[in-house]
Amino acid sequence: MSKTLVHYDIVGSFLRPEELKKARADFAAGNISKTDLKKVEDEEIAKLVKKEEKAGLKIVTDGEFRRSYWHLDTFWGFGGIKHTTQEHGYFFHDEETRNDSAQVEGKIKFTGDHPDLEAFKFLKSLTDGSDVTPRQSIPSPAQFYAELVRGPENVAAVKKVYDTEDELLNDISKAYYDLIIALYKAGCRDVKLDDCTWGMVVDDDFWATMVKQGFDRDELQEKYLRVNNGALKDLPADLRTSTHICRGNYHSTWAAKGGYGPVAKYVFAQENVDAFYLEFDNERSGNFDPIKEIPADKEVVLGLVTSKKPELEKPEDLIARINEASKFHDLANLALSTQCGFASTEEGNQLTEDDEWKKIGLVIDTAKQVWK
């Protein structure tokens, strides 16, 4: 299953159920213990996996129910990293997020004990004996690097520990490689790297500001590619690796705009993954032309069904867009998915649990029409 193309998929995060929201609030208020919270998480994840299987998904996730953020929780799990806050959160189109961050306080390393590893072990226990593949999604190494140099305080913290950026990039890659191998040893055969860094690079308005601050677009892309590929080298042949690249997903808002053209020759042509999960749900995403840079034998998973709003796309429109994309990448190596997860953070997007399952049903039913 690990390297078999199914032609329909999801990105992975699900709206948090009310029982889980209540338990997290109770834990934050000191009304229940960590053990009590974990019990609720376990119960809700078990229910979710059953729903995923019943819906017909062949690759399942834990909905990221143990996380507050799609990325920061993973960063905080590495040695040498501490949980901090900044003056501001991340700025999206109409909103600002919470202001949490991750900061270097020592040499970065995988310690052998990581929340994502423990989360995967539980997910796998729920799928043993079934015909579905449990997937572990983690934020990309490039996303980790971007967080560690976000703002002057984070940059200053890096410089106290690392004499050179090369050393920092190498340690990030090594920590990720060690985590991925630990996941593999725990039975993981499908790892997805979620990555918004490339989605920011494509935004010309964003880069007009970055250039004024002394950043170089090509130089940064080289760093992103280097740190990602450094974590992906010499992995087991039966481990399926993929990357999901979008432009931000928070409470149904977005952070960046622009087609994939400016980054295609870097990430599409050179990143060492088996599949690319790409955002193509509206005009902000540009056209399909850049996917021609992706090697012909790799999968391109088209995120045509938006996870940001409840309205259902028309199957005929989705089929037409899939056929359009097939002009740039062989239809046999294309697949359909939602454009992103339904809850990249625990706030979730502005739709209901019923809406999200209708979206997933639409993805599966449409894919079965295209790839009979």
Single hit among E279, E293, R247 for side-chain hydrogen bond (donor to acceptor under 3.5 Å, both in side chains) with Y260: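 It is R247, the one option of E279, E293, R247 that forms the side-chain hydrogen bond (donor to acceptor under 3.5 Å, both in side chains) with Y260.
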When the ring planes of W76 and H83 are compared, do they come out parallel, tilted or perpendicular, using 30° and 60° as the limits?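 Aromatic pair W76/H83 classed parallel.
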Angle between ring planes, F75 versus H71, binned at 30° and 60°: parallel, tilted or perpendicular?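 Rings of F75 and H71: perpendicular, as their planes differ by over 60°.
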Does any N or O in the side chain of S33 come within less than 3.5 Å of the main-chain N or O of D36, such that one atom is a donor and the other an acceptor?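 Checked: pair present.
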Is the distance from the ring center of [X] to that of [Y] below 6.0 Å?
X	Y	result
F268	F276	yes
F78	F144	yes
W357	F14	yes

I need the single residue from T366, D281, L318 that forms a side chain to side chain contact (heavy atoms under 4.5 Å, CB included) with V305. Which is it?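 Single pass found, and it is L318.
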Which of these passes side chain to side chain contact (heavy atoms under 4.5 Å, CB included) with I294: V267, V273, L278, N333?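 Single pass found, and it is L278.
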Do the non-hydrogen side-chain atoms of [X] and [Y] ever get within less than 4.5 Å of each other?
X	Y	value
F120	I138	no
C246	C196	yes
E147	L72	yes
V49	D62	no

Interatomic distance, E64 atom CD to E346 atom CD [nearest 0.5 angstrom]: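 E64 CD to E346 CD: 12.0 Å, rounded to 0.5 Å.
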